Protein chains: 2
Amino acid sequence: MKNRFKRQSEIRKIIQKGSINSQEQLLAELKTKGFDLTQATLSRDLKEMQIAKMPHPVKGYVYVFTEPEKPKNTAPMKPVNYLADGFRDLRFSGTLAVLRTQPGYASSIAVVIDRTDTWEILGTIAGDDTILIIMKEGISKADLVNALVQIMPNLEGKI
Amino acid sequence: MKNRFKRQSEIRKIIQKGSINSQEQLLAELKTKGFDLTQATLSRDLKEMQIAKMPHPVKGYVYVFTEPEKPKNTAPMKPVNYLADGFRDLRFSGTLAVLRTQPGYASSIAVVIDRTDTWEILGTIAGDDTILIIMKEGISKADLVNALVQIMPNLEGKI
DNA sequence: CTTCATTCTGAATATTTATTCATTTCGACT
DNA sequence: AGTCGAAATGAATAAATATTCAGAATGAAG
């Protein structure tokens, strides 16, 4: 139907603004624009248009056009071994660990560490040849070393 | 809790495979891996991890990691509100706070924090998706949260 | 070791979203 | 115009998901 496309086009516009968090809300918005339909139809439209309700840290949930997932950490193993080669040394200070690398390696190693979301590690910050690792309180040096070996098996013995 | 991170890590692995289309299904999968939890908890995990149920032309609906929407070339919003959207989570270790953001947001948020010269905060260091905030001694978690909300009102309630 | 506060979780429930089933609408063709 | 079949829709309902509320676990502070 002709109306259907106009409607979906309007839906697109509204979603784009990024502040819709339920179909009911969207429905109301559409009514003000002169589109009269039920939630059932809306649900079908959204499905067809591949619009998803996504959790949002601040807004709760928001409807968005979704891109299918990035194949991010699908193949960590290979680059990881390679990255381990950039490793220089590891030292500790309180709840911080400082990992030194060959110049230029730091950020790529840090990215790998971050992606694994290891629970012992709150986060990392990388410069050019140094990575600062912020550890969870109460984590021992050994714990951290284990975690790192998990991530980069080739480190085994280098530490 | 320790278990919570292991669990979320497992969730990530399962979702990654791309054939989960309901929480119930995911729940069952997790049970076989030895994680015992309820749908309520799972819902909360998914929200926290920003995993969304997305319509899929052939599979119906699939759970996926979603990309935050691309800030298209729509007129730049009020910087501060905009920045709050990049927020992921906030955790503490001693006198440090680690603020995690959507990839790419860290430095711009850090700049804003630095500019305010909040007395609770000695300084910040930003990577790509992590900001390290060095707090003044004696500052509590709540104090820092308050300070951040001052800076980015939209954070209110989401920390 | 207690007490207190905070975080985490499950059970029950509320809310939201998808689907079923019946009806209507529309277009193509006589 | 009338009939057929396909697509679209709404009402009701089923199914799925989010949240509330209360209790348990954990951790910090005496």
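Since the structure is predicted, the reported quantities are computational estimates derived from the model, not experimental observations. Labels below follow one simple rule: chain letters A, B, ... track the order of the sequence lines, proteins then strands, and each chain is numbered from 1.
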Whole-Å distance between [N] [atom2] and [X] [atom1]?
{"X": "A/L27", "N": "C/dA18", "atom1": "CG", "atom2": "C1'", "answer": "15 Å"}
{"X": "B/L37", "N": "C/dA11", "atom1": "CG", "atom2": "P", "answer": "11 Å"}
{"X": "B/Q50", "N": "D/dT17", "atom1": "CD", "atom2": "P", "answer": "18 Å"}
{"X": "A/L26", "N": "C/dA18", "atom1": "CG", "atom2": "C1'", "answer": "16 Å"}
{"X": "A/H56", "N": "D/dA18", "atom1": "NE2", "atom2": "P", "answer": "16 Å"}

| query | Between A/K47 and C/dT19, does any side-chain N or O lie under 4.0 Å from OP1 or OP2? | reply |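 Yes, because at least one side-chain N or O of A/K47 sits under 4.0 Å from OP1 or OP2 of C/dT19.
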
| message | Please confirm whether the shortest side-chain N or O distance from A/R44 to OP1 or OP2 of D/dG10 is below 4.0 Å. | response |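 Answer no for this pair, as no side-chain N or O of A/R44 is under 4.0 Å from OP1 or OP2.
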
| Which heavy atom of B/Q23 sits nearest a heavy atom of B/Q39, and at what distance? |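 Smallest interatomic distance, heavy atoms only, reads OE1-NE2, 3.0 Å.
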
| query | Where is the tightest heavy-atom contact between A/K47 and B/P55, given as atom of each residue plus distance? | reply |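 Taking A/K47 first and B/P55 second, the nearest heavy atoms are O-CB, 3.5 Å.
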
| Should the heavy atoms of other residues, nucleotides or ligands under 6.0 Å from NZ of A/K31 be counted, would the total exceed 12? |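 More than 12 within 6.0 Å, yes.
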
| said: Just to be sure I understand the rule, does B/L46 reach a base, reach only the sugar-phosphate, or reach nothing, if contact means heavy atoms closer than 4.0 Å? | reply: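 It contacts nothing in the nucleic acid.
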
| Which part of the nucleic acid does B/D36 contact within heavy-atom distance under 4.0 Å: base, sugar-phosphate only, or nothing? |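 Here B/D36 touches the backbone only, sparing every base.
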
| request: Going 5' to 3' through nucleotides 12-17 of chain C, assign each nucleotide B (protein heavy atom under 4.0 Å from a base atom), S (under 4.0 Å only from sugar-phosphate atoms) or - (no protein heavy atom that close). | output: ----SB

| Ion pair check, A/E10 and A/R7, cut-off under 4.0 Å |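 Here A/E10 does not pair with A/R7 in a salt bridge, since their nearest N and O are not under 4.0 Å apart.
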
Gap between atom [atom2] of [Y] and atom [atom1] of [X] - 0.5 Å precision:
{"X": "A/F35", "Y": "A/D45", "atom1": "CZ", "atom2": "CG", "value": "10.5 Å"}
{"X": "A/I113", "Y": "A/I133", "atom1": "CD1", "atom2": "CD1", "value": "4.5 Å"}
{"X": "A/I125", "Y": "A/I134", "atom1": "CD1", "atom2": "CD1", "value": "5.0 Å"}

| Transitively linked via ILVMFWY side-chain contacts under 4.5 Å: A/V62 with B/Y61? |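 Result: no, two separate clusters.
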
| query | the helix from C/dC1-D/dG30 to C/dT30-D/dA1: angle between its terminal axes, five pairs each, to 10°? | reply |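 The end axes of the helix from C/dC1-D/dG30 to C/dT30-D/dA1 are about 30° apart, to the nearest 10°.
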
| request: Identify, with sequence neighbours excluded, every residue that meets salt bridge (charged side-chain N to carboxylate O under 4.0 Å, His left out) alongside A/E24. | output: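 Testing A/E24 for salt bridge (charged side-chain N to carboxylate O under 4.0 Å, His left out), a comparison that skips the adjacent residues, returns none.
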
| B/D45 vs A/T41, nearer the 5' end of DNA chain C by closest nucleotide |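 The residue whose closest nucleotide sits nearer the 5' end is B/D45.
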
